[in-house]
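Residue numbering restarts at 1 for every chain, and letters A, B, ... go by the order of the sequence lines. Bear in mind that the values here come from a model prediction, so they are computed numbers and not experimental data.
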Amino acid sequence: MILEELNKAQKAAVTLESSHALVLAGAGSGKTKVLASRLAWLLDTNQVDISNVLAVTFTNKAAKEMISRVLRMVNIDTRRLWIGTFHSLCHRMLRIHCDDINLSRNFQIIDASDQLSLIKQLIKSNNINDLKYQPKDFQRFINSHKENGIRFISVNIQRNCNRNLLDFYKLYEDYCFKHDLVDFSELLLRCYELLKNNENLRARYNDKFSHILIDEFQDTNNLQYSWIDLLIGRKTFVFAVGDDDQSIYAFRGANVDNMSSFEKTYAKGSIIRLEQNYRSFGHILGAANSLIKHNKGRLGKTLWTDQGDGELIRVVENSNDVGEAHWIVEEIRNLIRNGTDAHKIAILYRSNMQSRVIEHALFSSNISYIVYGGLRFFERQEVKHALAYLRLIANPNDDNAWLRVVNFPSRGIGARTIENHLELAKSNNLSLRDSAKQVSGRGGISILSFSNLIDDLILNSTKLTLPELINYTIERSGLVSYYKSEKDLYERLENLKELITAATVFSIEEKCISIPASCSFSVNKHTEDEIISTPLLSFLSNSSLEANESLSGDHASSVQLMTVHASKGLEFKVVFITGAEEGLFPHENSILEDSGLEEERRLMYVAITRAEEKLYISMANSRMLRGQVRYSLSSRFLNEIDANHIQRYKFENIYKNNSSRLFKEKLNIDYNKPSKNNLAHTSGSTSSNKSSIVNDKLFLVGQSVNHNRFGDGIIVKLIGEGSSAQAQVNFQKYGMKTLALTIAKLEIKN
DNA sequence: TTTCTCTCTATTTTT
DNA sequence: TAGAGAGAAA
């Protein structure tokens, strides 16, 4: 039954015996199916006990999907299965073995935004004023080092890294160690060190896991690879699935080379390719294949389908961003009128800011839509406030949680009082809570009463279940009355109530419903499948690790809007790829280096391969960017796609009295020469000139020009007059440059 | 403490 | 354009 619905290549992968394997799974080739079938097959044929499998995914969503697919094939007790994200699996190991690595049992996980606010606080309290670096730079420095397995102590100072960044790394490390805080990269690094430095333990896990399954292997970073490496024992077989052409997260440390490293070290030339695509029609795949061929150093694969060519891809030129949005709306109306479900239509864009204009157009046409990638539930301000109170219950010495809510809702504790308090705590080497009694003055009294509030919450936590405790906490802390007080904060109040619901659901799932929130499970120490925890603690960990999808509205009848990154792994009947312009897609920050450009190309590849039946790619000759009108050439990627898969269109939009009338014309046009009459329709104005005459040449904004070194480009902006006149030019190969018109020899192209 | 005003900056993002 | 953060005024 498990093998019935698989094609030959899929079956070969699923039933592979006694060896490591690298499965190159193209977009839409049934990757998830193969992974789930593999696991089900191993269990069904009794080749392995469920407790001997480790399955790693990148998102919680993917893990859930995998579990539900496996359950459809075999009946198993999933609680004994080690499945989850890298972070959740490391977390699981750390909870079991925290005693072995000097980690407190109460260690708390901090998410990216907690980490950032901690960094800001440390910058302030240590009077660090290096104007060169923003808090985010410190954060990036710390995380990227951790993700390469580098602690402060092992940073090579010879490397050209700044002393201040380095010193701060130490400061941050010390603080986290002292306060039992573990950030996301620390979860991995700690767990890596646990296995690395503890031979016996490592040997036990090497024996335990006879099969390791890894999803999205192209997205692993160096530390994740090393962690897996440590888990591979003599009798362990790794089944890694990935697609180097869909690696789009190098910017956050993912290393595609892990695929070839794995292949060389373990899989030894045995690559299984899944190339039959079940998602898209031929023209769409042809376009994707012809585009991605421009990348070098691929492991190589070509997608094919037996479903026929389908429709040509429609490449559409618009005069500006507003026009593009209106054209999309018009087209979507037609599609819906002809029977396409709205939720099977996706609008993709390179950067989030592009959604605004599109949303506006959809909204005014009464087409319902959902935007993915907004604030998630557990990242919302009010939820984080409530969680800070809960963290203080779990650990009253959590200074960050203390600082977050000591004056929220406001209790008359100002910046001055807090400064005093911090100073006092630091000089006595105490936590804020332990030094609360000593704060003097009016603020001191307020702080004392806050401290009493926390004591009261802790007292009640032993009597109440988790949902009851949360309810009590948000009432007693004043959060509820604060959010009740103003009308437009109603939604935030709802979210607080939603948190109670989340805890209720969580309690049921964890089967800990009648246990008071702060009571420990009794645990056999070092039992590998048992976790030392309390309901409150595991709820808090869970809320950091599983910051679930944002609460969005009506799924079923809404058009879906998201970035190309967010679309990875999804599929839609109809896809609109918008903003196919030089500087935007490929993004100007990425085009100067080959690796950057190749990642942009893979991103376009991902976007194209989301489409099942209909694919539109649109561009606008000009768009409003950061309050200025920006002119662009069409994306080079459009020229890299084989022309026989494409049909080009051009749309002129004219607006009168706020109502839009669309005139469509089908033309064979050269996309690198925006026609001049488009300029008349661009909205917005800038303080710069629309034209400039230098050496008898008349330069216009929006004009195509050629420079002897930089090649072809388009004039984006003209600044100044006469001999000091400058032109800002967006060059196809070199990005944005500002040139003096009297010096630079710019040729006007017709 | 809160609110207003000015300045700065600007991909992609899961855990 | 729009949001965040800092600093000054109320």
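- Between A:Leu545 and A:Gly412, it is A:Gly412 whose nearest contact on DNA chain B lies nearer the 5' terminus.
- Here A:Tyr249 does not pack flat against the base of B:dT12, since the 5.5 angstrom centre distance and 30 degree tilt limits are not both met.
- Atom-to-atom, CE of A:Met93 to P of B:dT15 comes out at 19 Å; the value is rounded to the nearest Å.
- The closest side-chain donor-acceptor pair between A:Ser541 and A:Arg95 falls under 3.5 angstrom.
- A:Asp111 comes within contact range of no nucleotide atom at all, as no heavy-atom separation falls under 4.0 Å.
- Mapped onto DNA chain B by nearest heavy atom, A:Thr85 and A:Arg350 fall at different nucleotides, with A:Arg350 at the one closer to the 5' end.
- Within the nucleic acid shown, A:Ser590 comes within 4.0 Å of at least one base atom, counting heavy atoms only.
- Applying the 4.0 Å criterion to OP1 and OP2 of B:dT2, one finds that A:Ser410 has a side-chain N or O inside that range.
- For the pair A:Tyr192 OH and B:dT15 C1', the computed distance is 20 Å after rounding to whole Å.
- As rounded to whole Å, 6 Å separates atom C1' of C:dT1 from atom CZ of A:Arg356.
- Atom CD of A:Gln134 is separated from atom P of B:dA10 by 8 Å (rounded to the nearest Å).
- Taking atom CE of A:Met624 as the reference point, atom C1' of B:dA10 lies 15 Å away to the nearest angstrom.
- Look at CD on A:Gln218: it is 16 Å from P on B:dT13, rounded to the nearest Å.
- Electrostatic pairing of A:Asp244 and A:Arg602 does not count as a salt bridge here, judged by no charged N lying under 4.0 Å from a carboxylate O.
- For the pair A:Leu291 and A:Tyr605, the tightest heavy-atom approach, listed with the atom from each and the gap, is CD2-N, 3.8 Å.
- A side-chain donor-acceptor contact under 3.5 Å links A:Ser543 to the backbone of A:Leu540.
- Listed nucleotides: B:dT15, B:dT2, B:dT14. Nearest to the side chain of A:Arg376: B:dT14.
- The interatomic distance linking A:Asp183 (CG) with B:dT13 (C1') rounds to 16 Å, in whole Å.
- In this structure, A:Asp219 reaches neither bases nor backbone, as no heavy-atom distance under 4.0 Å exists between it and the strands shown.
- A donor-acceptor pair under 3.5 Å is formed between the side chain of A:Gln139 and the backbone N or O of A:Ala112.
- Contact annotation: A:Asn352 side-chain N/O to B:dT12 OP1/OP2 distance is under 4.0 Å.
- Note on A:Phe251: a base of the nucleic acid sits closer than 4.0 angstrom, heavy atoms only.
- The CG-C1' distance, from A:Leu188 to B:dT14, rounds to 11 Å in whole Å.
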- [ ] Dump the intermediate steps for side chain to side chain donor-acceptor pair (under 3.5 Å) on A:Asn106 and A:Asp180, then the final yes or no.
- [x] CA-CA 7 Å; A:Asn106 285 323; A:Asp180 302 318; over 6 Å; no
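- The residue A:Lys568 sits apart from the nucleic acid: no heavy atom pair falls under 4.0 Å.
- For the pair A:His587 and B:dT11, the ring geometry qualifies as stacking, because the centroid separation is below 5.5 Å while the planes lie within an angle under 30°.
- For A:Phe184, counting side-chain heavy atoms from C-beta on, the closest listed nucleotide (B:dT14, B:dT15, B:dT2) is B:dT15.
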